Amino acid sequence: MRDLIVLGGSSHPELTEAICDRLAIKPGEVKLSKFSNNETNVEIFQSVRGMDVFIVQSACGNVNDKLMELLVMVSACKIASARKITVVMPLFPYSRQPDAPYKRNGMPLNRLSPEACAKLAEMQGMPFPHVVPSSSPSSRSPSPTKDRAASPDSIVTRTGGPDARASRAGSPHGYYAGAAGPSRTGSTTSNGAGGNAAGGGYKVWTAKPGTLIADMLVAAGAQHIITLDMHHPQFQGFFDIPVDNLLSYPLMYKYIIEKIPEWRNAVVVSPDAGGAKRATAIADALNMNFALIHKDRRHSTSTLTLVGNVTDKVVIMIDDIADTCHTIARAAHVLTQNGAAKIYALVTHGIMSGEAIARLARSPIDTLIVSNSVPQAEHVKKAAEASGVADKIKVFDVAPIFAESIRRIHNGESVSFLFDIVPIVH
């Protein structure tokens, strides 16, 4: 192809090579290194003037370093007069940030240290978090929207009894600590910015880096973004440049019919409500039954409930990210208890951080199938050693869909063609 250069970052050089092989071109010559003080150094050894540049960098490993390396590469191409710069990020960074610091059951998403809670209590002149007695403790707390409509100055809370609070006083996690002792209560103030007419309440806000990441990429010189199965598709709204969020379900469809012999009598399962739309798309395309794992958050310890029938069935769980593998491992135990004969887990991004490999090895999951959106060679090796099963983790290739999207964007063709199953399968 003329006037096309594909540069690869240090996060996943194998994927860059695979994409270039599909395009019948060689990867661009670039040297990535660090100075003695760990600052990033980028050297591009070929001219990009007037060229259509695609930079491949996935958010894996040391994410912050990889992001900074990407920004420097984009800026270097912009300064070198590239005609257009497109960032190809199979796994987009910082796209999974929580929406609120508390879950609906009052448990904190970010566990505050006792010192932080004491400081907040000192600032407010009252215990933190704010405990407002509920008129019916056993019932579900009203939603914040309805509560605000009924009383603009009210505070929606879920409180625990004194015994429950005392039992967590010695918790090593240190959920909360304040003048009135530990509590698991979460609060949502009416004005959302901290403070209310009743008593100056304060809500802890979780920093949202979405707009920051978008602004940094645009400021560096990016003119187009290509990613795969973004955890929150609404994230695209942070950009004022084109964003192509490719879907992996055509590749999953292809893998199921070619690699899973029992698929005709299998059941597609979503391990949580958030992935139901993704899983039902595959179930409908394959004319398969569907089931859902529902997480009941009305109690301090959430419980999982299976909605559907998997007795003596092969189960194919569909999810977008396997980070710590906690969600799919818990879901697999529920499926086993309900009589599932065999369990496959089909996941787009296999990050495998923390104790994910050990948790996967202990789980009833027979095979975890992940894409190569991040490097998987080390994960496959560790999973085989931990579980004693050589094919505990299998990998499907996403290079074809990225290569085709690069070709179409470079030639000015439609990318929506890639969202259809038929051309990829046949």
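Numbering starts at 1 and runs along the sequence shown. Please read all numbers here as calculations on a predicted model, not as lab measurements.
- Side-chain atoms of Arg278 do not come within 3.5 Å of backbone N or O of Ile318 as any donor-acceptor pair.
- Remark: Asn411 CG is packed, more than 12 non-hydrogen atoms of other residues, nucleotides or ligands lying under 6.0 Å away.
- Ser33 and Asn41 share a donor-acceptor pair across their side chains, judged by distance under 3.5 Å alone.
- Here the NE2-CG distance, from His294 to Asp272, works out to 11.5 Å after rounding to the nearest 0.5 Å.
- Counting heavy-atom neighbours within 6.0 Å of Lys84 NZ, excluding the residue itself, gives a total above 12.
- Note that CG of Leu23 is 9.0 Å distant from CZ of Phe54, once rounded to the nearest 0.5 Å.
- Asp323 and His349 share no side-chain donor-acceptor pair at under 3.5 Å.
- The residues Asp3 and Arg83 are annotated as not salt-bridged, no charged nitrogen and carboxylate oxygen being separated by less than 4.0 angstrom.
- Of the listed residues (Ile393, Ile328, Thr336), just one forms a side chain to side chain contact (heavy atoms under 4.5 Å, CB included) with Ile365, and that residue is Ile328.
- The pair Glu262-Lys313 does not meet the salt-bridge criterion, since no charged nitrogen lies less than 4.0 angstrom from a carboxylate oxygen.
- Between Lys66 and Glu69 no salt bridge is recorded (no basic side-chain N to carboxylate O distance below 4.0 Å).
- Rounded to the nearest 0.5 Å, atoms CD1 (Ile357) and OG1 (Thr324) are 11.5 Å apart.
- Aromatic ring orientation, Phe239 versus Phe92: perpendicular (interplanar angle above 60°, classes split at 30° and 60°).
- Checked by atom type and distance alone, the side chain of His12 never pairs as donor or acceptor with a backbone atom of Val56 at under 3.5 Å.
- Remark: the backbone N or O of Leu4 is not paired with any side-chain donor or acceptor of Asp52 at under 3.5 angstrom.
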